[in-house]
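Values below: all heavy atoms of this structure, side chains included; hydrogens, waters and symmetry mates excluded.
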Amino acid sequence: GDWSSDVCSSDLDVAALQTSARREGESYILNGRKTWISNAGVADSYIVFARTGEAPGAKGLSAFIVDASAPGLSTPRAIDVIAPHVIGDVEFENCRIPVTNLLGSPGDGFKVAMATLDVMRSTVGAAALGFARRALAEAREHRSEEHTSELQSPMYLVCRLLLEKK
C-alpha cells in the first residue's frame, strides 16, 4: 500500500519540529500536527518524526512507523495544489503506537531523516524535471494552436521588459 513520510512537513528545520512522542510502558504516545504531507489521508502507513527528548536539537528526535488506522491519527485537510498525489495535514492526538514501531533507537530520527532525504532528493529532482518538460511541451502546443507569433510569446515579452529596465 501507499506510505508517506513527514520529512517535508511544515517544520522546515527538521531538528526544530514540535510533534512529540513520549514513552508510556510498551507504547509511545504521539501528539502534534504535520502539514504538507504527501499522501495524507490515502497512505496505509506513515513514517513520523517526533521529539522524544533524549537531547536538544536533532539528537532528540526519533522515527516511527504509524499505521493510518491508529486511534488518534486524523487527516483533517487536503491542501489544494497541483501535485501527482494528495498533500495534506496529519494530526496526532494521544495516538498510541507500539514501542516496536520505533525505527532504530531513540534519538536516531535525524539520521533516518537525512538518509531518507539522500534517496529522495534525486527522485524529487527527476519529477520536477518531468513537470518542467511537460509544461514546456504544453506551452509550445498552446502557442502553435493559437498561431501566436514569436513576438507575442510571454517569454519574448518578459525578456523585452527585462532588457528595457537596463
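- Residue Ser62 forms a side chain to side chain contact (heavy atoms under 4.5 Å, CB included) with just one option from Thr52, Val48, Val112, and that option is Thr52.
- Contact check for Phe92 versus Ile29: no side-chain heavy atoms found under the 4.5 Å cut-off.
- By the 4.5 Å heavy-atom criterion applied to side chains, Tyr28 and Pro106 are counted as neighbours.
- Here the closest heavy-atom approach between residue Ala78 and residue Val86 is recorded as CB-CG1, 4.4 Å.
- For Asp67 (side chain) and Ser45 (main-chain N/O), no donor-acceptor pair under 3.5 Å exists by modelled atom type.
- In this structure, Phe131 and Ile82 have side chains that are not in contact, with every pair of non-hydrogen atoms separated by 4.5 Å or more.
- Across Ala40 and Val90, no two heavy atoms sit closer than the pair CB-CG2, 3.9 Å.
- Separating the OG1 atom in Thr35 from the CD1 atom in Ile87 is a distance of 11.5 Å, to the nearest 0.5 Å.
- One distance of note links CZ of Phe49 with CG of Leu61; it measures 9.0 Å at 0.5 Å rounding.
- Side-chain contact between Gln18 and Arg33: absent, with no pair of heavy atoms (C-beta onward) separated by less than 4.5 Å.
- Separation of atoms CZ (Arg51) and OG1 (Thr19) is listed at 10.0 Å; rounding is to 0.5 Å.
- The CG atom of Asn31 sits 5.0 Å away from the OG atom of Ser20 when rounded to the nearest 0.5 Å.
- Residues Ala68 and Leu73 come closest through the heavy atom pair O-CD2, 3.6 Å.
- For the pair Phe64/Leu103, no side-chain contact is recorded, criterion being any heavy-atom separation below 4.5 Å from C-beta on.
- Within the 4.5 Å cutoff, no side-chain heavy atoms of Leu30 are placed close to those of Arg22.
- Between Lys34 and Tyr46 the shortest side-chain heavy-atom distance does not fall below 4.5 Å.
- Residues Asp89 and Ile79 have side chains in contact (heavy-atom distance under 4.5 Å, counting atoms from C-beta outward).
- By the 6.0 Å contact criterion, CG on Asn94 is enclosed, its count of non-hydrogen atoms from other residues, nucleotides or ligands being greater than 12.
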